[in-house]
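Computed from a predicted model, the values in this text were never measured in an experiment. Each chain gets a letter, A, B and so on, in the order its sequence line appears, and its residues count up from 1.
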Protein chains: 2
Amino acid sequence: MKKKITLKHIARELGVSISTVSKALKNSEEIGSDTKEKVQAFAKLYNYKPNNIAISLKNKRTKNIGVIIPDIVHHFFTTVFRGIEKYANAKGYNVIVCVSDESFDREVINMELLANGSIDGFIMALSAGTQLKNDYNHLKEVTEQGIPLVLFDRVTEDIKCDKVIINDKKGAYNAVTKFIKDGRKRIALITTEDYFSVSRERAAGYREALSDNGIAYNEDLILKFPSMTIDENVIEDFFNREKVDAVLSVNEIFAIHSMRLVQSKGLKIPEDISFIGFTDGLLSKYASPGLTAVAQHGEHMGEIAAEMLIEKVESELEEETYITRVLEPTLIERGSTIN
Amino acid sequence: MKKKITLKHIARELGVSISTVSKALKNSEEIGSDTKEKVQAFAKLYNYKPNNIAISLKNKRTKNIGVIIPDIVHHFFTTVFRGIEKYANAKGYNVIVCVSDESFDREVINMELLANGSIDGFIMALSAGTQLKNDYNHLKEVTEQGIPLVLFDRVTEDIKCDKVIINDKKGAYNAVTKFIKDGRKRIALITTEDYFSVSRERAAGYREALSDNGIAYNEDLILKFPSMTIDENVIEDFFNREKVDAVLSVNEIFAIHSMRLVQSKGLKIPEDISFIGFTDGLLSKYASPGLTAVAQHGEHMGEIAAEMLIEKVESELEEETYITRVLEPTLIERGSTIN
DNA sequence: GAAAGCTACTAAAACGTTTTCGGTATTATT
DNA sequence: AATAATACCGAAAACGTTTTAGTAGCTTTC
């Protein structure tokens with residue numbers, strides 16, 4: 001087993017000082033050309049690579065960024081992550097991922113763990129637990145220490161930091177408007193409880209589109225699930241009870257379940273009932289018929305988040321200006337809607 | 001902005017030495033109880049947390065593990081990752097993820113970057129590019145430096161290290177056996193080129209099951225795609241050309257595409273043609289009909305990989321014994337097969 | 001009353017870098 | 001020949017810890 005070689009080894013072996021070796025490897029003008037050659041040749045021969053940890057300690061910069069997301073087995077988050085990773089890697093940064101599993105406690109623990117020198121900045125989406133608890137002290141502590149933070153998708157007004165979100169309200173508005181143009185009257189909304197910032201925004205867009213088109217808001221057409229997991233019976237009851245000709249769902253899973261259910265009841269999609277779902281993921285693409293979807297452009301969102309973070313990390317001056325980038329959603333039309 | 005406090009700050013503030021502070025915080029017997037109380041109170045007040053980087057440098061242990069996977073927007077890899085992250089986190093380790101994007105070069109670059117002190121060990125699945133090139137020198141270098149390595153799913157015989165895979169051959173064997181029991185005669189295999197270790201194994205299981213049941217192997221029933229992306233026309237040609245009553249696919253995407261195609265040609269699933277796909281992901285679950293799938297138990301695989309790695313990382317002695325854990329696949333029956 | 005034994009602390013090295021500040025030859029300038 | 005300039009190199013500090021090896025001052029012991 002050949003252990004990693006250090007500057008000290010090279011110095012001892014070549015009979016020079018550590019500083020000489022360090023400078024020689026950086027091609028410093030201070031070092032004579034023959035010494036430089038000798039050192040560089042030796043270093044190449046033994047495949048010397050500087051120790052990242054030592055450099056991090058010296059520079060107080062790790063070149064790591066911490067990403068905390070609620071779930072990794074989730075198409076949208078992985079696309080965001082891909083964007084982050086791609087941009088960060090191109091800039092020479094590594095990405096440490098922690099999964100909060102939608103839990104407040106795990107979010108706090110992971111943040112505190114990483115905040116003690118392991119990373120130069122955070123990119124994160126709030127866990128369900130955190131949004132429910134409405135407690136953001138762990139974020140506040142981190143920002144007060146001067147560690148840059150970028151929130152994406154699931155954000156909060158309570159923390160001053162850079163943010164990147166999509167215009168969820170507009171996404172819902174556009175979807176509902178499309179339904180109405182297609183002549184739909186009884187448009188349902190399948191969503192989660194309101195503590196998710198995104199669900200609130202989408203519900204607002206839904207209401208506004210109805211109102212702008214002179215359709216009365218009808219509480220009976222709103223189906224709320226308390227969490228991400230769904231109860232088949234609740235869906236069935238809902239569709240047995242309410243006559244619905246269009247459905248906007250805040251995620252794919254709810255939409256797909258509903259589509260299968262109404263199909264099993266003999267309804268035709270999109271003739272009898274149309275569907276649009278948020279998050280243009282695999283399921284939307286491969287459902288039959290394909291699910292018209294509000295694309296959230298996760299990868300782009302990730303790139304922007306990484307760009308904003310690295311910008312802050314590398315800027316010397318600590319400005320107190322924070323911006324929120326709002327990305328425009330796109331409606332991807334498929335077979336679940338008319339045309 | 002309150003900067004992180006260090007031992008030195010505490011020492012200076014309290015008029016004691018750094019070593020005293022360090023020991024006091026560890027409740028060492030060497031330190032008088034009044035001094036300990038004083039130090040601990042001060043540390044708690046200012047929320048002192050030791051700097052991870054400094055500890056890493058001292059201990060030559062980072063408590064980070066590096067995970068390199070070909071793709072992150074991929075259900076199977078994310079389930080494995082979830083298993084890794086869960087186990088590692090419980091053991092106090094963080095996970096640094098790099099995505100090779102199926103490229104040999106990026107796999108090499110990422111490994112070299114992380115190998116210089118950033119991590120205590122690697123968990124990885126080989127990229128397509130690496131398997132195609134059949135060049136594993138980057139892995140060899142890492143293991144020769146004594147950095148533990150665990151390969152999962154996409155492995156190679158050429159590297160001596162711990163591995164965890166599922167019994168792909170058996171998974172295919174079981175699937176084909178089920179087809180045959182259901183009376184299927186013309187069983188197709190949709191796969192990728194042979195340089196993927198998993199594809200080879202699955203093809204072997206396919207052949208063996210046919211042979212064990214007295215069905216001749218027919219090259220015409222094998223459809224090979226050069227990469228993960230598919231060409232609709234090729235699929236269409238294939239099903240126009242060959243009369244097929246069952247299809248085993250090495251992944252979900254190929255299976256779903258094929259199912260939609262044969263459905264559009266008016267065939268009934270599973271009456272006219274049955275489907276089984278590898279990797280029991282979201283698509284299998286939500287396809288209509290549901291796709292019978294060979295479950296690969298990704299999360300469990302990830303946990304085992306992390307367990308094996310951390311075991312090696314924390315063991316003092318450097319044994320040269322490497323084991324390969326082989327997980328048993330499970331057939332998840334859904335509507336795409338009879339019963 | 002000197003040796004031994006405690007108690008409670010500190011100095012310093014070590015991990016592997018980078019960088020500042022000097023220092024010593026050697027060469028150039030007057 | 002004395003001084004200045006230059007080329008080349010090394011010592012040491014610093015990043016924040018942990019740990020070994022002391023050490024000072026006190027009490028105990030016979």
Side-chain angles (χ1 to χ4, degrees), chain A residues 3-40 42-43 46-64 92 113-120 145-146, chain B residues 3-40 42-43 46-64 113-120 145-147:
Chain A
K3 270 280 162 213
K4 274 272 162 195
I5 195 174
T6 69
L7 291 183
K8 195 195 275 187
H9 294 132
I10 304 183
R12 200 187 309 134
E13 211 67 30
L14 262 43
V16 293
S17 78
I18 293 177
S19 12
T20 302
V21 176
S22 176
K23 289 172 189 167
L25 292 175
K26 299 195 124 48
N27 241 318
S28 160
E29 292 301 323
E30 290 183 62
I31 307 298
S33 49
D34 41 354
T35 312
K36 277 202 279 197
E37 268 180 43
K38 190 176 64 172
V39 171
Q40 288 170 4
F42 191 93
Y46 286 94
N47 193 30
Y48 170 79
K49 294 275 166 50
N51 180 299
N52 292 332
I53 298 291
I55 292 180
S56 293
L57 183 60
K58 186 97 231 300
N59 297 349
K60 302 176 139 231
R61 282 283 211 73
T62 61
K63 285 263 179 180
N64 288 336
L113 211 68
L114 293 182
N116 298 313
S118 299
I119 50 93
D120 295 339
Q145 278 172 33
Chain B
K3 270 280 165 213
K4 274 272 162 195
I5 195 173
T6 70
L7 291 182
K8 195 195 277 188
H9 294 132
I10 303 182
R12 198 186 310 133
E13 211 66 31
L14 263 43
V16 294
S17 78
I18 294 178
S19 9
T20 302
V21 176
S22 176
K23 288 173 186 165
L25 291 175
K26 299 195 126 46
N27 242 317
S28 160
E29 292 302 323
E30 290 183 64
I31 307 298
S33 48
D34 42 352
T35 312
K36 277 201 282 197
E37 268 179 42
K38 190 175 63 173
V39 171
Q40 287 169 5
F42 191 93
Y46 286 93
N47 193 29
Y48 169 78
K49 294 274 166 52
N51 180 300
N52 292 331
I53 298 291
I55 292 180
S56 292
L57 183 60
K58 186 94 233 297
N59 297 348
K60 304 178 135 228
R61 283 284 209 72
T62 62
K63 285 260 177 181
N64 287 338
L113 211 68
L114 293 182
N116 297 314
S118 299
I119 51 93
D120 295 339
Q145 279 173 34
I147 301 177

Decide yes or no on side chain to side chain contact (heavy atoms under 4.5 Å, CB included) for B/Ile10 and B/Ile5, but give the supporting numbers first. CA-CA 8 Å; B/Ile10 303 182; B/Ile5 195 173; 4.0 Å; yes
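Separation of atoms CZ (A/Arg61) and CD1 (A/Ile55) is listed at 13.0 Å; rounding is to 0.5 Å. Here A/Lys60 contributes atom NZ and B/Lys4 contributes atom NZ; the two are 11.5 Å apart, rounded to the nearest 0.5 Å. In this structure, the separation between CD1 on B/Ile147 and CG on B/Asn116 is 8.0 Å, given to the nearest 0.5 Å. Distance CG/A/Leu25 to CZ/A/Phe42: 11.0 Å, rounded to 0.5 Å.
In this structure, B/Lys26 and B/Ile31 have side chains that are not in contact, with every pair of non-hydrogen atoms separated by 4.5 Å or more.
Below the 3.5 angstrom threshold, one finds no donor paired with an acceptor across the side chain of B/Thr20 and the base of C/dA8.
Distance A/Lys60 NZ to C/dT18 P: 17 Å, rounded to the nearest Å. If you take CD of B/Glu30 and P of C/dC6, they are 15 Å apart, rounded to a whole angstrom. Between A/Ile53 atom CD1 and C/dT18 atom P there is a gap of 14 Å when expressed in whole angstrom units. Atom CD1 of B/Ile18 and atom C1' of C/dA12 are 11 Å apart (whole Å). Rounding to whole angstrom units, NZ of residue A/Lys63 and C1' of C/dT18 are separated by 16 Å. Atoms NZ (B/Lys38) and P (C/dC9) sit 8 Å apart, rounded to a whole Å. Put simply, CG on A/Asn51 is 10 Å from P on C/dT18, counting in whole angstrom units.
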Can I get a per-line list of side-chain donor-acceptor pairs under 3.5 Å for residues 33-40 of chain A, giving both atom names and the distance, sequence neighbours left out?
from: A/Lys36; atom 1: NZ; to: A/Asn27; atom 2: OD1; distance (Å): 3.4
from: A/Lys36; atom 1: NZ; to: A/Ser28; atom 2: O; distance (Å): 3.1
from: A/Gln40; atom 1: NE2; to: A/Ala24; atom 2: O; distance (Å): 2.9

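Contact annotation for A/Ser56: no contact, since no heavy-atom pair falls under 4.0 Å across all strands. At a threshold of 4.0 angstrom between heavy atoms, the contacts of A/Lys26 are confined to the sugar-phosphate backbone, with no base atom among them. At a threshold of 4.0 angstrom between heavy atoms, the contacts of A/Thr6 are confined to the sugar-phosphate backbone, with no base atom among them. Residue-level contact check: B/Lys8 touches the backbone only, with heavy atoms under 4.0 Å from sugar-phosphate atoms and none from bases.
A donor-acceptor pair under 3.5 Å is absent between the side-chain atoms of A/Asn52 and the main chain of B/Leu114, judged by distance alone. B/Ser22 contributes no side-chain N or O that, together with a main-chain N or O of B/Ile18, makes up a donor-acceptor pair within less than 3.5 Å.
Between A/Gly32 and B/Pro50, the residue whose closest nucleotide on DNA chain D is further toward the 5' end is A/Gly32. When the nearest nucleotides of DNA chain C are assigned to B/Asn59 and B/Ser19 by heavy-atom distance, the more 5′-ward of the two goes with B/Ser19. Between B/Tyr48 and B/Lys23, the one whose closest nucleotide on DNA chain D sits nearer the 5' end is B/Tyr48.
Within a 6.0 Å sphere centred on CD of A/Gln145, heavy atoms belonging to other residues, nucleotides or ligands number more than 12.
Overall bending of the helix from C/dG1-D/dC30 to C/dT30-D/dA1, expressed as the angle between end axes built from five pairs apiece, is 80° (10° steps).
Chain B approaches DNA chain D over the interval D/dC15 to D/dA21, counting the first and last nucleotide 5' to 3' with an atom under 4.0 Å from its heavy atoms.
In terms of phosphate contacts, B/Thr35 brings a side-chain nitrogen or oxygen within less than 4.0 Å of OP1 or OP2 of C/dC9.
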